[in-house]
Colleague: 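What follows is a structure written as structure tokens; I'll ask about it next.
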Amino acid sequence: MGMFSARLFTWLQRADFYRDLHNEAVEQLPVGDGAAWLDIGCGPGLVARLVSRRGYQAVGIDSDPHMVRAAEAIARRERSSARFMVGGMRGQPRADVVSAASLLAVLGDPGDGLRVLWESVKPGGTLLVVEPTPEMTVRNANAIIGNGLPGRGKNLLRLWAFARQGRAVPPGIAASLPAGSMHLVPLLNGLAQAWVIRKLCI
Ligand SMILES: C[S@@+](CC[C@H](N)C(=O)[O-])C[C@H]1O[C@@H](n2cnc3c(N)ncnc32)[C@H](O)[C@@H]1O
């Protein structure tokens, strides 16, 4: 993705609405107590930083070294214990929680990507996916902003919607995962959602 994308996602991750919706997503899980959390496609590291504050040993993985460098710089500045590494989805160590925010839609085969993420979840663990829904359109983004979306960076919601409208990944692709149960949590007035998929202890 490169340096420009790293800058763009750093701005986006700084926007209050973006931080708030990811915070709401990670709050679907209990506090960590030292459990391992792997965030794949971490970008500049927002999710890893949020969950390290909730007691997880957080590691963010991204295939783009510019993203990892941005994540490391922000973590240093914010004195976060989250760690970051350049890497891909396959062959990662198993973790209690694996997350992927806005990753599936950029993969060629989201269903295959989901199955690879699932392999890194320990039995009894959780896979957390955050993805825009079909409601993520510029029109709906404008409506939410017009209705008084609070905080800084709200204009970046238009940009996010522009980039993502018509490209929602359906949560139905999780039906092919073996031995799991899923519930969906609407975020940002339904423009995005969290898929919380628990793996059975077998
Ligand atoms: C749309 S950005 C989302 C960044 C961040 N998760 C967020 O929600 O703000 C997708 C990220 O996934 C990374 N990525 C794409 N394919 C990947 C792969 N196969 N393995 C690891 N990272 C990948 C990209 O470099 C990019 O940083």
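Counting convention: from 1, in listed order, for ligands and their atoms alike. Being a predicted model, the structure only gives us computed values, none of them experimental.
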Colleague: Looking at Gln13, which atoms of ligand 1 are within less than 4.0 Å of one of its heavy atoms?
Modeller: 5 (C), 7 (C), 9 (O)
Colleague: Is Ala6 near ligand 1, meaning one of its heavy atoms is under 4.0 Å from it?
Modeller: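 No; Ala6 lies far enough from ligand 1 that no heavy-atom distance drops under 4.0 Å.
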Colleague: Backbone or side chain, does any N or O of Asp39 fall under 3.5 Å from an N or O of ligand 1?
Modeller: no
Colleague: Counting from 1, what ligand 1 atoms have a heavy atom of Arg164 closer than 4.0 Å?
Modeller: 1 (C)
Colleague: Any atoms of ligand 1 less than 4.0 Å from a non-hydrogen atom of Asp64? List them with their elements.
Modeller: 25 (O)
Colleague: Would one find more than 12 heavy atoms of other residues, nucleotides or ligands at under 6.0 Å from atom CZ of Arg7?
Modeller: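 No, CZ of Arg7 has 12 or fewer neighbouring heavy atoms, counting only those of other groups under 6.0 Å.
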Colleague: List ligand 1 atoms under 4.0 Å from Cys42, heavy atoms only on the residue side.
Modeller: 5 (C), 6 (N)
Colleague: Return yes or no for this condition: an N or O of Phe9 is under 3.5 Å from an N or O of ligand 1.
Modeller: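 Checking ligand 1 against Phe9, no N or O pair falls under 3.5 Å apart.
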Colleague: Would you call Asp112 and Arg90 a salt bridge, taking side-chain N to carboxylate O under 4.0 Å as the test?
Modeller: yes
Colleague: Within the structure, does Asp62 bring an N/O atom to less than 3.5 angstrom of an N/O atom in ligand 1?
Modeller: yes
Colleague: Which atoms form the tightest heavy-atom contact between Ala95 and Ala36, and what is the distance?
Modeller: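 Minimum heavy-atom separation between Ala95 and Ala36: CB-O, 3.6 Å.
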Colleague: Salt bridge between Glu78 and Arg53, side-chain N to carboxylate O under 4.0 Å?
Modeller: yes
Colleague: Specify the closest pair of heavy atoms between Ala48 and Ala58, including all atoms of both residues, with the distance to one decimal.
Modeller: O-CB, 3.4 Å
Colleague: Should you measure from each heavy atom of Leu103, which atoms of ligand 1 turn up under 4.0 Å away?
Modeller: 12 (O), 14 (N), 15 (C), 16 (N), 17 (C), 23 (C)
Colleague: Does anything in residues 161-171 form a side chain to side chain donor-acceptor pair (under 3.5 Å)? List the pairs, not counting sequence neighbours.
Modeller: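 The answer is none; no pair qualifies.
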Colleague: Could I get the full list of side chain to side chain contact (heavy atoms under 4.5 Å, CB included) partners for Arg79, not counting sequence neighbours?
Modeller: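 Checked Arg79 against side chain to side chain contact (heavy atoms under 4.5 Å, CB included); zero matches.
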Colleague: List every atom of ligand 1 that sits less than 4.0 Å from any heavy atom of Met67, numbering the atoms from 1 in the order shown and giving each element.
Modeller: 27 (O)
Colleague: At a 4.0 Å threshold, what atoms of ligand 1 neighbour a non-hydrogen atom of Met89?
Modeller: 18 (C), 19 (N), 20 (N)
Colleague: Backbone or side chain, does any N or O of Ala101 fall under 3.5 Å from an N or O of ligand 1?
Modeller: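 The answer is yes, given that Ala101 and ligand 1 share an N or O pair closer than 3.5 Å.
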Colleague: So, Asn140 side chain and Glu135 main chain: donor-acceptor pair closer than 3.5 Å or not?
Modeller: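 Yes.
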